[in-house]
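Small disclaimer: the values here were computed from a predicted structure and weren't measured.
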Amino acid sequence: MFRFFLILTFIFNMSLGQSNQKKFNWTINLIPTVGQINNKKYIKAVVLGTAQSYSINRYVHFNKTNQIGKRNTHAWWVLGLYFYGIIDAYVDHSLKNFPNPKEGMVK
């Protein structure tokens with residue numbers, strides 16, 4: 001667990017140095033909820049981060065109590081939420097220049 005924390009901290013620190021670039025940066029957006037924060041979707045980032053934290057917490061709890069079925073269910077939730085966050089950040093970034101119907105159509 002300590003090794004995982006060190007790797008995650010290293011990736012996070014390395015990606016902060018590249019956050020000033022305007023292009024979509026995969027290294028920074030692979031960290032959970034950072035892609036949503038870059039796209040200024042703060043509520044979505046909080047909800048996604050909370051859901052991921054809860055799933056990880058339940059995974060660790062069920063792993064300690066040897067409840068394999070529930071542990072595996074929450075492991076799939078962790079993976080699903082992680083990939084949802086990556087895909088959602090990429091789509092939000094790709095569609096940020098799409099015309100907004102509230103602002104009116106440009107002719």
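Rounded to the nearest 0.5 Å, atoms CD1 (I68) and OG1 (T73) are 11.0 Å apart.
Remark: F62 pairs with R58, T65, Q67, K70, R71, H74 by the side chain to side chain contact (heavy atoms under 4.5 Å, CB included) rule, at least two apart or across chains. Residues meeting the side chain to side chain contact (heavy atoms under 4.5 Å, CB included) test with L79, sequence neighbours left out: W76, F83.
Contact check for I86 versus Y82: side-chain heavy atoms found under the 4.5 Å cut-off.
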Would you tabulate the side-chain donor-acceptor contacts of residues 43-55 under 3.5 Å, counting partners in other chains and residues two or more places apart, or write 'none'?
unit_1 : atom_1 : unit_2 : atom_2 : d
K44    : NZ     : D88    : OD1    : 3.3
K44    : NZ     : D88    : OD2    : 3.3
K44    : NZ     : D92    : OD2    : 3.1
T50    : OG1    : V46    : O      : 2.7
Q52    : NE2    : L81    : O      : 3.3
S53    : OG     : G49    : O      : 2.9
S55    : OG     : A51    : O      : 3.1

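Of the possible polar contacts, one joining the N39 side chain to the G35 backbone as a donor-acceptor pair under 3.5 Å is found.
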